[in-house]
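Down below is the structure, laid out as structure tokens.
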Amino acid sequence: MLEFFHDPPSSLDVLLCMGKLIERRKRFESSRLWILSAGRPTTALAKLGFTVLPDWPSGTYTLEEDFRTRIIVVNELPVDRGTLFFRAVGAGAVLRAALSEASALPLDAPERPMIVRAVLEVWGEPHVDEEFDMTTQGFVERWERELLEKGHKAGREEGREEGREEGREQAMRDVLVRQLRARFGGLDTAVEARIRDAGVDELTRWTDRFATAAALDDVFAEP
């Protein structure tokens, strides 16, 4: 489960999310709750007993394992390409900087459509933060305009040149391998071979899972 808060959640907000997790675990026992907060929920972290999650980037907090609940504080994450997806749904200066970084990526960078989807999910809901709406709207419109100017089609429309599709798949493989190595260390030959032989659908599914995977096996688990 993934819950996003543009404003830092209160203790009650977190408890309500955990209530939804409890209901979900009645059907899917292995479910885990991830809360993304644009800013630091100081009171909730302290009152509910969250601690820093070892061996994870700064800004990641956890309860005891049995609670299966973690919080990512977006504005505390390190500024690097590996955290760009999360920072792109942040707020204020963090959001603007992340969208600027995303705009500078090559058009075929696999992170770009992922970030656009994330921004649209947040942007698609009503907000009282006019600056947030204007910032995200500008990014999405600019991204779409760039695609049109370069002769690309958003998404996976039919008629895309085979070489371009292969190049996009290889870029996705390269990014996924780099992210997996950064978090989980060296990859064995079987994992590398599986990534090398995968198509866009599998690569997309594994890249999405990477964001919340606690172990390498979680990325490649069967649906």
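Reckoned from all heavy atoms, side chains included, excluding hydrogens, waters and symmetry mates. Predicted, not measured: the structure shown is a model, and the values here were computed from it.
For V52, the side-chain contact (heavy atoms from CB on, under 4.5 Å) partners two or more places apart in sequence, or in a different chain, are Y61. Listed by chain and residue number, L77, P78, D80, R87 satisfy the side-chain contact (heavy atoms from CB on, under 4.5 Å) test with T83 (two or more places apart in sequence, or in another chain). Qualifying ring pair (Phe, Tyr, Trp, His ring centres under 6.0 Å) partners for F67, counting only residues two or more places apart in sequence or in other chains: none. Partners of E23 according to the salt bridge (charged side-chain N to carboxylate O under 4.0 Å, His left out) rule, which considers only residues two or more places apart in sequence or in another chain, are K26. Not counting sequence neighbours, the partners of R196 by the side-chain contact (heavy atoms from CB on, under 4.5 Å) test are A193. Remark: L16 engages L12 in a side-chain contact (heavy atoms from CB on, under 4.5 Å) (not counting sequence neighbours). For R68, the salt bridge (charged side-chain N to carboxylate O under 4.0 Å, His left out) test picks out no residue, with sequence neighbours left out. For the side chain to side chain donor-acceptor pair (under 3.5 Å) test, residues two or more places apart in sequence or in another chain that qualify with D13 are S10. Looking at residues two or more places apart in sequence or on another chain, you find a salt bridge (charged side-chain N to carboxylate O under 4.0 Å, His left out) between R194 and E222.
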Q) Would V79 and L84 count as a side chain to side chain contact (heavy atoms under 4.5 Å, CB included) if you check the C-alpha gap in whole Å, the side-chain angles of each, and the deciding distance to 0.1 Å? A) CA-CA 7 Å; V79 178; L84 181 55; over 6 Å; no
**Q.** Criterion side chain to side chain contact (heavy atoms under 4.5 Å, CB included) on V73 and F86, from CA distance to verdict
**A.** CA-CA 9 Å; V73 181; F86 297 101; over 6 Å; no
**Q.** side-chain hydrogen bond (donor to acceptor under 3.5 Å, both in side chains) between R25 and S31, intermediate numbers included
**A.** CA-CA 6 Å; R25 289 189 65 186; S31 296; over 6 Å; no
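Contact between I35 and C17 at its shortest, heavy atoms only, is CD1-CB, 4.2 Å. Smallest separation of non-hydrogen atoms from G90 and A38: C-CB, 4.0 Å. Of all non-hydrogen atoms in W206 and I195, the two that sit nearest each other are CZ3-CA, 4.0 Å. Nearest heavy-atom pair, A44 versus P9, reported as atom, atom and distance to 0.1 Å: CB-O, 3.8 Å.
To the nearest 0.5 angstrom, F5 atom CZ is 13.5 Å from I72 atom CD1. In this structure, the separation between CD1 on I71 and OG1 on T62 is 9.5 Å, given to the nearest 0.5 Å. Here I22 contributes atom CD1 and L33 contributes atom CG; the two are 10.0 Å apart, rounded to the nearest 0.5 Å. One finds the OG1 atom of T51 at 7.5 Å from the CG atom of L53 (value rounded to the nearest 0.5 Å). The distance from the CE atom of M1 to the OG1 atom of T69 is 9.0 Å, given to the nearest 0.5 Å. To the nearest 0.5 Å, the span separating CG on L48 from CG on L15 amounts to 5.0 Å.
In this structure, K20 pairs ionically with E3, as a charged nitrogen and a carboxylate oxygen lie closer than 4.0 Å. Contact check on R173 versus E192 returns no salt bridge, with no Lys/Arg side-chain nitrogen under 4.0 Å from an Asp/Glu carboxylate oxygen.
Taking 4.5 Å as the limit, some side-chain heavy atom of T43 sits within range of a side-chain heavy atom of S11.
Looking only at distances, no side-chain donor or acceptor of S100 sits under 3.5 Å from a matching main-chain atom of R96. A donor-acceptor pair is defined here as one N or O able to donate and one able to accept, closer than 3.5 Å; such a pair exists between the side chain of R209 and the backbone of A221. No donor-acceptor pair closer than 3.5 Å links the side chain of R70 to the backbone N or O of W34.
F85 and L2 fall within a single hydrophobic cluster, where Ile, Leu, Val, Met, Phe, Trp and Tyr side chains are chained together by heavy-atom contacts under 4.5 Å. Hydrophobic clustering of Ile, Leu, Val, Met, Phe, Trp and Tyr side chains at less than 4.5 Å, counting indirect connections, keeps L63 apart from W56. No continuous path of ILVMFWY side-chain contacts below 4.5 Å connects L21 to F4, so the two sit in separate hydrophobic clusters.
Contacts classified as ring pair (Phe, Tyr, Trp, His ring centres under 6.0 Å) and involving residues 169-192 (residues at least two apart or in different chains) are not found. Sorted by first then second residue, the salt bridge (charged side-chain N to carboxylate O under 4.0 Å, His left out) pairs that include residues 34-48, not counting sequence neighbours, are R40-E76. Residue pairs meeting the ring pair (Phe, Tyr, Trp, His ring centres under 6.0 Å) criterion with at least one member in residues 12-33, sequence neighbours excluded, do not occur.
By the 6.0 Å contact criterion, CD on E65 is enclosed, its count of non-hydrogen atoms from other residues, nucleotides or ligands being greater than 12.
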